[in-house]
Amino acid sequence: MKINLANIKKAQKLLNKRECVAIPTETVYGIAGNAYSDIACKKIFQLKKRPRYNPLIVHYYDLKTLIKDCELNKNFFKLYRKFSPGPITFVLNLKKKSNISKLVTNNKNSIAVRFPKHPVIRKLLQNLDYPLAAPSANISSKVSAVSSAEVKEDFGKKIKFVLDGGKSNIGLESTIIDLRKKPKILRLGGLNISNIKKILKKKIKVNLNPTRISSPGQLKLHYSPGLPIRLNVKKIKDNEAFLLIKKTKKLKKNYFFLSKKGNLQEAAKNLYSTLRKIKKKKFSSIAVAKIPDIGLGKTINDRLKRASKY
Ligand code: TXA
Ligand code: MG
């Protein structure tokens, strides 16, 4: 994709004035603001109607800028070298001297950080002298946006500028791993856990539903299209949309396919926009046919399961 430098400059100007702008990433779009500014971070929470206790992910260009804000360790370096920039978020200890806004971390001493891969956001980050706090660009508890049109659908004129970067390539949020002690996965995401295991060469704890919520991507209702969802369905009801991983011979108006041939990457990329499309068509609910629980299929199932708690 060709980078439009005038648009990058426009985003940069607004961010320098502590305004929020929507940004493209390879996972999903984000609502970004200067992570060192309380004013900017407060606006992010207001725009998203996000509860204050839910901390934000901070996006960095490179290690040089990261080192000012958090303590790095061996496991971090192993994973960073292999997977960054890319769809992985690291939870680390915050440095006492860091300038990160207390709103970002909910006043705690841990911070979630990532290095997005999308060339547009990378170019923007390179031009800034602060990192960007950016939660997914959707109203809290709803489906994330994967295109600039979807961001505009959710925020309208409330967002000053949407930096366009085309459709997000991965379509699911980043995988979150807590590296402060023994590595622990907090959210399934765009990077498969099996890849992480191969690099760390050990078992990794997965804690997606703790009693005390440390990562509200773990909250029960999340990623909701605003319609009831039934999972592993074989037979659909009247006025239900049917969501399938793979194209069937039968083509009906209420059938929606995530991928032509059942490719999980393609399905991930299409998941959120398909849910949005169904919502617009006035079905009363969504029935989902079984999706293989392997690789990215695990993340897709995680999102649908949480969305089904409607
Ligand atoms: O792919 C992504 O990660 C996207 C793009 C825009 O980068 N961002 C994203 O942000 O999904 P958000 O805010 O929708 O989800 C961030 C998750 C939340 O579940 C939050 O609770 C968790 O990260 N989180 C943030 N800081 C944390 C921390 N210090 N410890 C544990 N979890 C944290
Ligand atoms: Mg989110």
Side-chain angles (χ1 to χ4, degrees), residues 20-33 35 41 44-45 47-60 69-71 83-94 98 100-118 120-122 124-125 131-146 150-151 154 162-163 165 168-181 184-191 207-210 212-224 268 272 299 302-303 306-307:
C20 296
V21 299
I23 46 124
T25 88
E26 73 283 11
T27 56
V28 297
Y29 273 66
I31 298 289
C41 291
I44 297 177
F45 282 91
L47 268 168
K48 273 196 62 130
K49 303 196 176 79
R50 182 180 179 104
R52 281 285 174 89
Y53 62 76
N54 190 357
L56 307 176
I57 295 179
V58 183
H59 298 66
Y60 288 84
D69 294 329
C70 50
E71 309 282 355
F83 301 119
S84 294
I88 180 167
T89 294
F90 311 98
V91 174
L92 297 164
N93 283 315
L94 187 70
S98 148
I100 289 288
S101 162
K102 299 266 183 281
L103 289 168
V104 165
T105 55
N106 187 26
N107 235 336
K108 300 257 163 39
N109 49 16
S110 71
I111 179 173
V113 299
R114 94 173 187 93
F115 303 84
K117 192 172 188 169
H118 195 296
V120 172
I121 176 71
R122 275 189 66 73
L124 176 64
L125 285 168
L132 288 176
S136 52
N138 54 283
I139 305 295
S140 198
S141 91
K142 300 284 192 255
V143 175
S144 301
V146 295
E150 288 177 0
V151 178
D154 283 8
V162 182
L163 185 57
S168 295
N169 212 10
I170 294 178
L172 297 169
E173 298 81 353
S174 60
T175 301
I176 303 183
I177 184 163
D178 187 347
L179 294 176
R180 288 172 299 161
K181 292 180 189 153
K184 188 165 76 183
I185 302 286
L186 299 181
R187 176 175 77 181
L188 300 182
L191 181 67
N207 191 13
L208 307 176
N209 295 297
R212 220 195 56 203
I213 306 249
S214 55
S215 186
Q218 305 160 318
L219 279 174
K220 278 227 168 98
L221 176 69
H222 214 107
Y223 316 108
S224 167
Y272 291 148
T299 308
D302 171 84
R303 301 299 191 262
R306 288 174 207 276

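The shown structure was predicted, so the numbers you read here are calculated from the model rather than taken from an experiment. Just so you know, residue 1 is the first one in the sequence shown, and it goes up from there. Each ligand, and each atom within it, is numbered from 1 in the order the structure gives.
- For ligand 1, the atoms closer than 4.0 angstrom to any heavy atom of Asn54 are 18 (C), 20 (C), 21 (O).
- Not one N or O of Tyr29 is nearer than 3.5 Å to an N or O of ligand 1, by distance alone.
- Atoms of ligand 1 lying under 4.0 Å from at least one heavy atom of Leu186, given by number and element, are 31 (C).
- Among Ala134, Gly30, Ser174, Pro51, the residue whose heavy atom lies closest to atom 8 (N) of ligand 1 is Ala134.
- Contact record, Pro116 with Leu125: CG-CD1, 3.9 Å, taken as the closest heavy-atom pair.
- Note on ligand 1: His59 sits in its first shell, one or more heavy atoms being nearer than 4.0 Å.
- The existence of a salt bridge linking Arg303 and Glu173 is confirmed by a sub-4.0 Å separation between a basic side-chain nitrogen and an acidic carboxylate oxygen.
- Ser141 and Ser224 share no donor-acceptor pair across their side chains, judged by distance under 3.5 Å alone.
- With a 4.0 Å heavy-atom cut-off, ligand 1 is reached by no atom of Glu26.
- With a 4.5 Å cut-off on side-chain heavy atoms, Pro131 and Val58 count as touching.
- The option with the heavy atom closest to atom 30 (N) of ligand 1, from among Asn109, Val91, Leu132, is Val91.
- Using cut-offs of 30° and 60° for the angle between ring planes, the Tyr60 and Phe115 rings count as tilted.
- Because the distance cut-off is set at 2.8 Å, Ser136 qualifies as a neighbour of the Mg ion (ligand 2) through one of its N, O or S atoms.
- With a 4.0 Å cut-off on non-hydrogen atoms, Arg187 touches ligand 1 through its side chain and not its backbone.
- Proximity to Ala112 (heavy-atom distance under 4.0 Å) selects the following atoms of ligand 1: 25 (C), 26 (N), 27 (C), 29 (N).
- Taking a cut-off of under 4.0 Å to the non-hydrogen atoms of Leu56, the atoms of ligand 1 that pass are 25 (C), 26 (N).
- Checking only distances, Glu173 never comes within under 3.5 Å of ligand 1, N or O to N or O.
- For Leu163 against Tyr29, the heavy-atom pair with the smallest separation is O-CE2, 3.6 Å.
- Residue-ligand proximity: Thr105 is placed with every non-hydrogen atom at 4.0 Å or more from ligand 1.
- Ligand 1 places these atoms under 4.0 Å from at least one heavy atom of Pro135: 10 (O), 12 (P), 13 (O).
- Proximity to Thr27 (heavy-atom distance under 4.0 Å) selects the following atoms of ligand 1: 1 (O), 2 (C), 4 (C), 5 (C).
- Contact record, Ser140 with Pro51: OG-CD, 3.6 Å, taken as the closest heavy-atom pair.
- Close contacts between ligand 1 and Ile176 involve ligand atoms 17 (C), 22 (C), 23 (O) [criterion: under 4.0 Å to a heavy atom].
- Of all the listed residues (Pro87, Ala133, Ser136), Ser136 holds the heavy atom that lies closest to atom 10 (O) of ligand 1.
- In this structure a side-chain-to-backbone donor-acceptor pair under 3.5 Å is present from Ser168 to Thr25.
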